[in-house]
Structures are given as structure tokens and as C-alpha cells.
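A note on names: the letters A, B, ... follow the listed sequences, proteins ahead of strands, and every chain is numbered from 1.
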There are 2 protein chains.
Amino acid sequence: MAKSNAPITEHLAYLLAQANREINRQLELRLSKEGVPVEQWRILKVLSDGNGHSMGELADAVLLNHPTLTKMIDRMVSDTLVYRVQDPNDRRKVLMFISDRGKVLCKKLNSLAVDQEEHILESYGDKSTSELKRLLESLIDSSN
Amino acid sequence: MAKSNAPITEHLAYLLAQANREINRQLELRLSKEGVPVEQWRILKVLSDGNGHSMGELADAVLLNHPTLTKMIDRMVSDTLVYRVQDPNDRRKVLMFISDRGKVLCKKLNSLAVDQEEHILESYGDKSTSELKRLLESLIDSSN
DNA sequence: CTTCAATTCTTGAATATTCAATATTTTCCA
DNA sequence: TGGAAAATATTGAATATTCAAGAATTGAAG
């Protein structure tokens with residue numbers, strides 16, 4: 001039986017929040033070299049497969065809700081990193097595509113992100129990292 | 001060497017964000033029965049040791065930055081869940097304390113949170129959970 | 001002792017996020 | 001077919017968060 005008076009630091013929800021915050025902060029720091037928030041990097045990365053992705057699909061993939069995504073995409077369209085195309089098969093949908101400028105930026109961001117992953121591998125260890133990834137994936141699976 | 005064209009779903013930062021989002025969503029759902037956001041539960045839990053905690057200390061512990069915490073505490077003071085006392089030893093500081101009403105609420109929230117942890121233990125497994133916690137703690141450690 | 005830098009917390013303006021409502025298109029079924 | 005219900009995206013108002021500046025106190029160095 002779980003103890004209700006356990007300190008907050010023993011709760012899984014808290015540990016996840018803390019780890020997420022820390023890793024995200026580090027990543028943010030790297031990406032700020034290009035002046036891009038983490039969410040925009042995620043968007044570019046998802047779109048960089050060259051296929052069109054609907055807003056709903058994107059929102060799921062990048063962990064943002066619809067209105068927030070719409071407004072972020074507005075900014076990225078202004079910056080000509082991505083562009084909208086009406087889906088010809090279902091005109092309720094908008095398909096998002098990455099622009100050439102977006103691709104160039106995405107490459108730079110990818111290498112900044114890889115820097116970070118390598119930094120984690122060094123200080124945290126190869127084995128721990130892959131084990132942690134495995135456990136996180138399985139936690140996410142078991143939550144659906 | 002990490003691959004820069006790896007899908008976003010393979011990045012540790014993304015897996016952490018996804019897991020955190022999901023677990024937090026579940027916890028939020030439970031706590032909403034008492035109409036309390038997760039951050040307020042954390043605050044109450046930290047203060048429930050009965051000691052006075054300064055705002056800076058609290059902000060660290062509950063993963064909020066100072067201005068956000070100040071405004072959240074303002075609301076909680078209005079709800080008479082916590083109260084401020086000027087630190088007699090250092091009058092720059094404010095010490096936060098939990099009220100009796102806060103303690104009662106905290107107990108209810110604790111049991112809702114324990115419900116969730118038990119639900120996770122069931123679907124995810126005892127072993128995986130403790131192993132994941134261990135790895136997260138060590139990741140957090142290695143990031144400081 | 002006094003003055004200047006550092007610490008702690010709060011405030012106000014700028015920014016971002018969220019909720020609810022809206023517009024459009026598609027799906028379904030009677 | 002016709003029309004109601006569902007799906008998709010956006011908008012606008014309400015709310016929350018953040019950044020930069022400010023006020024108060026302490027520490028520390030000359």
C-alpha cells in the first residue's frame with residue numbers, strides 16, 4: 001500500500017516533472033542559440049519527413065493543444081518556416097509543410113539537440129539512458 | 001554517435017515530456033474532484049511538515065518560478081489554505097505555513113494521489129515503477 | 001559607520017495559454 | 001436525398017505565466 005504521507009519527492013508524478021523540467025531547460029538553452037523554442041523544433045522535426053500533417057495530427061505529436069498550436073503555427077508561417085495547404089481530400093483539414101528555410105533551420109537545431117543527448121550520455125551513462133527510455137516508452141504505452 | 005535524423009519520439013527529452021504530460025493529466029483529473037491544481041497540492045504537501053518555508057525554498061520545491069508562485073500563494077491565502085509570516089531572523093524573507101483548513105484538504109488530496117499511484121502500480125507493475133523512479137532520481141542527480 | 005552590492009519577494013506590463021464558441025466540411029442514417 | 005451529428009480548425013475573451021523592474025533588507029568592504 002502506498003503511503004499517503006510520503007514526501008512529494010517520492011511520487012512518480014513529481015520525479016517525472018522534475019526530470020522533464022531539467023532536461024527541457026538544458027535543451028531550451030541550446031536551442032536558444034537559434035532563438036527557437038523547443039515546441040517549434042518539435043514541429044519542424046515532425047514536418048521534416050516532407051509529408052503534409054494535419055493540425056490535429058501535429059498537435060498530438062508535439063504535445064500542444066489545438067489553439068496553442070494554431071497560434072504558434074501562425075508565428076512560424078510569418079517566419080516562413082512552414083506553410084499551410086488545404087487538404088484536397090478533406091477540406092476541413094489543413095496540411096502543414098516545412099519550407100526550405102525551415103529545413104535548413106531544422107538541421108541546425110537537430111545538431112544542437114544531438115549535442116545535448118551526447119552530453120547526457122556522458123554524464124548519465126549509455127546503459128542508464130537506454131534503460132530509462134525503454135521504461136518511459138512502456139509507461140506511456142501502459143497509460144493508453 | 002547520436003543520429004541527428006532520429007525521429008522525435010526517440011529523444012529522451014520528448015519521452016520525458018510525453019510521460020510527464022500523461023501522468024500529470026491523470027493526476028489533474030483526480031485532484032479536480034477537490035477543484036485543486038497539481039501545483040497547489042505540491043505546495044500543501046511541502047508545507048505539511050508544519051515548518052515555515054520561504055518563498056524561494058518553496059519555488060524550488062514545487063517547480064515554479066517566483067512570480068508564478070507569489071500569485072498562486074495569493075490565491076491560496078484568499079482560500080485560507082496557507083498564510084504568510086515575516087521571517088523574524090531575516091525580514092527580506094516570508095515564511096509560509098499551512099493552515100488547519102489546508103491540512104484537511106491536503107489529507108484528501110493525498111489519498112486521491114495515492115489512488116493514482118496504485119493505479120499505475122497495477123497497470124505498469126511494481127518492479128518497473130521502482131526501477132523507473134530510481135533511474136529518474138539518478139538522472140536528476142547527474143544533472144546538477 | 002556608511003555605502004554599495006547581493007538577496008528576497010512582489011508588482012505591472014507583455015506574452016502565452018486555455019476555454020468556450022464559431023465556421024466549415026464531412027459522415028451517417030432515416 | 002436531406003438534415004442532424006461529428007470532425008476539424010480557428011477566433012476572442014478570460015486566465016495564467018513570464019520578464020524586467022522595483023522595494024525592502026541584509027551583508028560586507030572600505
Engineer: To the nearest 0.5 angstrom, please state how far the CG atom of A/Leu58 sits from the CG atom of A/Leu63.
Structural biologist: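 Reported value, rounded in 0.5 Å steps: 11.0 Å.
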Engineer: Same hydrophobic cluster for B/Leu44 and B/Leu69, using side-chain heavy-atom links shorter than 4.5 Å among ILVMFWY?
Structural biologist: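 Yes, B/Leu44 and B/Leu69 fall within the same hydrophobic cluster.
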Engineer: Over how many whole Å does the gap from A/Asn89 atom CG to D/dT8 atom P extend?
Structural biologist: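 The distance from CG of A/Asn89 to P of D/dT8 comes to 14 Å, rounded to the nearest Å.
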Engineer: Provide, to the nearest angstrom, the distance between the CG atom belonging to A/Asp87 and the P atom belonging to D/dT8.
Structural biologist: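 So the CG-P distance, A/Asp87 to D/dT8, works out to 11 Å.
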Engineer: With a 3.5 Å distance limit and no angle check, can you tell me whether A/Lys103 reaches the backbone of A/Ser48 through a side-chain donor-acceptor pair?
Structural biologist: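 It does not hold such a pair.
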Engineer: Within the structure, does a side-chain N or O atom of B/Ser54 lie under 4.0 Å from either OP1 or OP2 of C/dT8?
Structural biologist: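 Answer no for this pair, as no side-chain N or O of B/Ser54 is under 4.0 Å from OP1 or OP2.
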Engineer: Figure out the CZ/C1' separation between A/Arg75 and C/dA14, and round it to whole Å.
Structural biologist: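 These atoms are roughly 13 Å apart.
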Engineer: Could you give the CE-to-P distance, from B/Met76 to D/dA16, as a whole number of Å?
Structural biologist: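 In whole Å, D/dA16 P lies 14 Å from B/Met76 CE.
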Engineer: Distance check needed: D/dA16 P versus B/Glu28 CD, whole Å only.
Structural biologist: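 Nearest whole value for this atom pair: 13 Å.
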Engineer: Using whole Å, what does the distance between atom P of nucleotide D/dT17 and atom CG of A/Asn24 come to?
Structural biologist: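 From A/Asn24 CG to D/dT17 P: 16 Å.
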Engineer: Can you tell me the distance, in whole Å, between the CD atom of B/Glu57 and the C1' atom of C/dT8?
Structural biologist: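 After rounding, the reported distance stands at 13 Å.
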Engineer: Expressed in angstrom and rounded to an integer, what is the separation of A/Asn65 atom CG from C/dA21 atom P?
Structural biologist: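 Distance check: A/Asn65 CG to C/dA21 P gives 17 Å.
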Engineer: Give a yes/no on whether any side-chain N or O of B/Thr68 is located under 4.0 angstrom from OP1 or OP2 of D/dT17.
Structural biologist: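 Negative; the distance criterion is not met.
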Engineer: How are the rings of B/Tyr83 and B/Phe97 set to each other: parallel, tilted or perpendicular (split at 30° and 60°)?
Structural biologist: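 It falls in the parallel class, under 30°.
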Engineer: Within the modelled atom types, does a donor on one side and an acceptor on the other bring the side chain of B/Arg92 and the base of C/dT7 under 3.5 Å apart?
Structural biologist: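 Such a pair is found, so the answer is yes.
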Engineer: Report the residue (A/Leu64 or A/Asp90) whose heavy-atom-nearest nucleotide on DNA chain C is the more 5′ of the two.
Structural biologist: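 Going by which nucleotide is closer to the 5' end, it is A/Leu64.
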Engineer: Looking only at atom types and distance, does a side-chain atom of A/Arg101 sit under 3.5 Å from a main-chain N or O of A/Asp79, one as donor and one as acceptor?
Structural biologist: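 Side chain of A/Arg101 to backbone of A/Asp79, a donor-acceptor pair under 3.5 Å: yes, one is there.
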Engineer: Looking only at side-chain atoms of A/Lys71, point me to the closest of D/dA13, C/dT10, D/dA9.
Structural biologist: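 The listed nucleotide nearest to A/Lys71's side chain is D/dA13.
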Engineer: What's the closest nucleotide to the A/Val94 side chain, out of C/dT17, D/dA9, D/dT26?
Structural biologist: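 Among C/dT17, D/dA9, D/dT26, the one nearest the side chain of A/Val94 is D/dA9.
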Engineer: Taking only side-chain nitrogens and oxygens of B/Arg91, does any of them come within less than 4.0 Å of OP1 or OP2 of C/dC9?
Structural biologist: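 Looking at the OP1 and OP2 atoms of C/dC9, neither is under 4.0 Å from any side-chain N or O of B/Arg91.
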Engineer: Which nucleotide in the set D/dT10, D/dA16, D/dA9 lies at the smallest distance from any side-chain heavy atom of A/Lys93?
Structural biologist: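 From the listed options, D/dA9 comes nearest.
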